[in-house]
Number of protein chains: 4
Amino acid sequence: MNHRGNRHGRSEEARRSVLRAADDLLAEKGFAALTIEGIAARAGVAKQTIYRWWPSKTDVLLDAYAEDAAEDLTPPDTGNLADDLRGYLISLARYLTGSDAGAVFRALAGQAQHDPALAARLRQDHLTRQRARDRGPLERAVARGELPAGTDLEVLVDRLVGPVYYRILVTGQEVTEDFVDELVTACTSAPSARS
Amino acid sequence: MNHRGNRHGRSEEARRSVLRAADDLLAEKGFAALTIEGIAARAGVAKQTIYRWWPSKTDVLLDAYAEDAAEDLTPPDTGNLADDLRGYLISLARYLTGSDAGAVFRALAGQAQHDPALAARLRQDHLTRQRARDRGPLERAVARGELPAGTDLEVLVDRLVGPVYYRILVTGQEVTEDFVDELVTACTSAPSARS
Amino acid sequence: MNHRGNRHGRSEEARRSVLRAADDLLAEKGFAALTIEGIAARAGVAKQTIYRWWPSKTDVLLDAYAEDAAEDLTPPDTGNLADDLRGYLISLARYLTGSDAGAVFRALAGQAQHDPALAARLRQDHLTRQRARDRGPLERAVARGELPAGTDLEVLVDRLVGPVYYRILVTGQEVTEDFVDELVTACTSAPSARS
Amino acid sequence: MNHRGNRHGRSEEARRSVLRAADDLLAEKGFAALTIEGIAARAGVAKQTIYRWWPSKTDVLLDAYAEDAAEDLTPPDTGNLADDLRGYLISLARYLTGSDAGAVFRALAGQAQHDPALAARLRQDHLTRQRARDRGPLERAVARGELPAGTDLEVLVDRLVGPVYYRILVTGQEVTEDFVDELVTACTSAPSARS
DNA sequence: GGCTAACCGAGACGGTACGTCCAGTCTTCGT
DNA sequence: ACGAAGACTGGACGTACCGTCTCGGTTAGCC
């Protein structure tokens, strides 16, 4: 609505400009240069307004991430398991390495290594949901009979997305189409055992 | 040697107590509370002595990591591929989650998400070497004929260790023996294609 | 009367609880810790209510002072100049150092050193009246012939109360009966010249 | 000397520019607008440098006062008591109302009304010394026989300077030559009793 | 055996950001 | 129309570390 700043709750305008500023500054300067003061200045907001609603800058980022990342990253549904997976893993890799939201995720995942509470929030707020989406193609394949009933889908998800995250977060190797093909071939030809 | 305030190069004692202090403080307080001033105070060393030899606190950690982590994490050589891999992946998981050196690695990997230069140094100094060690069992298996010649060992390594790192760094799920078994079974029954 | 959030003018209850809270907080925590927010919280009143009726916290104090100080400090009328003055100066000293109203006065006088506008208001609202009361015994003494007609009563007042204020506000020396005796003796034996 | 900033003690340059900046800002903006941040900015000094050496802004002022006020305000020695006192009281009034150092004193005296610790320091550091100087002309007059031996000089000092401080700090009335004459006449014709 | 160079500790310095407090303004609801 | 509530911008607070610096002390290695 309008900028209220009164007893009926917080200003939606302030909230939005803070999240936007945090997003922009992260993209421009990186996480190390992201400060509450910087966000406040960029958002045209008083520092106290940020501290009133967010305990720390990572909480701001968590909200910013929720804002602009919620929609994406749902695997396609082509009717064919291998195609679904190939398409999804490629778009996942592009998302993580090439988008602003992906940059926010990487920053949060990095910071989560230093902060167990953040790690817990990140898992609860985002990763659980994402893994549910990740399972979609596999569940459909089971329903179609492409995968044997009783396949351990959790492990299968890890075998598919694990190497992608590993390359992006750890080794820095590129996630190529060939690489994705290998992952998909291995998982569709030798799915994981009974759950 | 002894603490030499002299002209013959740096004090080995100061160097060691700095690395030790950094290690200890990381373990006790976490990365966020790790400061140059804190390390200096704990090590009984002047700040300037740290700045003289290390550009930043992550460089101190990098050295500390090199110090106490160099030896470990060489996969066993049992003569059997699956046993080698199972043993290695379990010990890798224990190392990452349960040891001080693993904690340093996780902190560095986390920080590397915010700092491309650190990421590059981490890869160059440690990850490359570690991946060479990771390839050992696979190379021996190729030599024994357990794996077809021409198998793409890089991808195979990613398929094996990727899910382990993913669970530890991202989802926080436990790396169980069953999970490792699945990874190993999938990779030994359906190895990756021609390199 | 009752608390009227209504259209009938300001709430006398709110006004009183604000002045009372200001008084209490000054006595408890001192001037430095006296804040509008603190007064509002203590008075159970909204900040805006204070800002609506008083421009600043010193204006609140000025009103609080007017409230509980108006009555006192009228010199006695014993029919004898020296007795009047002795009694008055002692009670003045006790008032300034020992009463809540005196504490408010000292705070206001202190603040007036930094704020000429406050100094002007303080003089206009209170000091002028007080000096008129101060002159009472002297005027009666002139009427009785105890003092020569044409004596400069303004200077005489300054010579009597000046040293008392000076000791209390500046040097912190105690105002003893002996000290007051000396002041009175000096002024009754050698009154000031023609005005 | 030079700006050290090392183990051999504080930087004289920083100290001086802080005191100078505090003095200037007090004169320009007044006590209310005098902030540590403002002093630091004006002095070209880091805030921490001020906090390292002074507990509060009033301590800075106390030092600034000591710096530029130590010399002045010694009563003249004309060989005649009345002349000494007249000259001194007039110069005291001019000092308090017209000089930068006097403005600092008035600010400190004002603040001392809110802060007993400051009051104590102000008395100990400055007022005691000043009162010793104040007694000078009276002691010489006793030595010359102008005043009876055994006169209570403390009370006499209060009777002389008390009304001057009172007019300047409290009532705001001007300290005229006539007023000073009256004070001096009263004190030289009717000095205070045995000490 | 004194001179000198390189490194040591200590710690003051100019800065930046922190997280908090309060000032003073505003808007809405309830009475 | 006024009061209670409370969110807002703004600015100073006092603290923690940053990275730089200068100093005096210590200890080789050299003349």
Side-chain angles (χ1 to χ4, degrees), chain A residues 2-11 13-15 33-38 40-41 43-53 55-57, chain B residues 2-11 13-14 33-41 43-53 55-57, chain C residues 2-11 13-15 33-38 40-41 43-53 55-57, chain D residues 2-11 13-15 33-38 40-41 43-53 55-57:
Chain A
N2 60 347
H3 51 94
R4 326 242 257 291
N6 53 16
R7 72 183 312 187
H8 312 296
R10 64 197 287 189
S11 159
E13 184 171 317
R15 181 180 154 276
L34 187 67
T35 65
I36 298 277
E37 295 214 326
V45 141
K47 258 195 325 179
Q48 185 57 43
T49 298
I50 299 184
Y51 283 109
R52 183 151 35 227
W53 301 111
S56 73
K57 71 177 177 179
Chain B
N2 60 345
H3 54 92
R4 35 212 225 279
N6 59 17
R7 62 192 309 182
H8 313 298
R10 67 195 289 189
S11 159
E13 182 170 320
L34 188 68
T35 65
I36 297 277
E37 295 214 326
I39 296 170
V45 142
K47 267 198 319 182
Q48 186 57 40
T49 298
I50 299 183
Y51 283 110
R52 191 157 22 227
W53 302 109
S56 73
K57 73 176 177 180
Chain C
N2 64 343
H3 55 91
R4 36 212 224 278
N6 57 15
R7 59 194 313 178
H8 314 298
R10 71 191 286 189
S11 158
E13 181 170 322
R15 181 180 155 278
L34 188 68
T35 65
I36 298 277
E37 296 213 326
V45 141
K47 267 195 324 178
Q48 187 55 39
T49 300
I50 299 183
Y51 282 110
R52 192 155 19 231
W53 300 110
S56 74
K57 71 176 176 179
Chain D
N2 61 344
H3 51 93
R4 327 243 255 294
N6 54 15
R7 74 182 313 185
H8 311 296
R10 62 197 291 189
S11 160
E13 185 171 317
R15 181 180 155 276
L34 187 68
T35 65
I36 298 278
E37 295 215 326
V45 141
K47 259 197 320 179
Q48 185 57 45
T49 297
I50 299 183
Y51 283 110
R52 185 152 33 226
W53 301 111
S56 73
K57 70 177 177 179

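No hydrogens, no waters, no symmetry mates; every other heavy atom, side chains included, goes into these values. So that the names make sense, note that chain A is the first sequence line, chain B the second, and so on, each numbered from 1.
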Spacing between E13(A) atom CD and dT27(E) atom C1', to the nearest angstrom: 14 Å
To the nearest 0.5 Å, tell me how far R15(C) CZ sits from I50(C) CD1. 13.0 Å
Residue pair G44(B)/R52(D) against DNA chain E: nearer the 5' end by closest nucleotide is G44(B)
Side chains of T49(B) and R52(B): closer than 4.5 Å at any heavy-atom pair? yes
Pairing stems for DNA chain F [at least three consecutive pairs; Watson-Crick or G-U; under 3.5 angstrom]: E:1-31 with F:1-31
Nucleotide by nucleotide, 5' to 3', does protein get under 4.0 Å of the base (B), only the sugar-phosphate (S), or neither (-) in nucleotides 17-22 of chain E, counting heavy atoms? SBBBBS
All heavy atoms of I36(D) vs all of S56(D), minimum pair found to be CD1-C, 4.4 Å
Could you give the CD1-to-C1' distance, from I50(D) to dC13(E), as a whole number of Å? 13 Å
Heavy-atom side-chain proximity of K57(A) to T35(A) below 4.5 angstrom: no
Compare side-chain N and O positions of T49(C) against OP1 and OP2 of dC2(F) and report whether any pair is under 4.0 Å apart. no
Quick check: on DNA chain F, is the nucleotide nearest A14(C) upstream (toward 5') of the one nearest V45(A), or the reverse? Name the residue that is more 5'. A14(C)
Side-chain touch R10(D)/W53(D), heavy atoms, less than 4.5 angstrom: yes
Taking for each residue the nucleotide of DNA chain E with the nearest heavy atom, is it A43(D) or W53(B) whose nucleotide lies nearer the 5' end? W53(B)
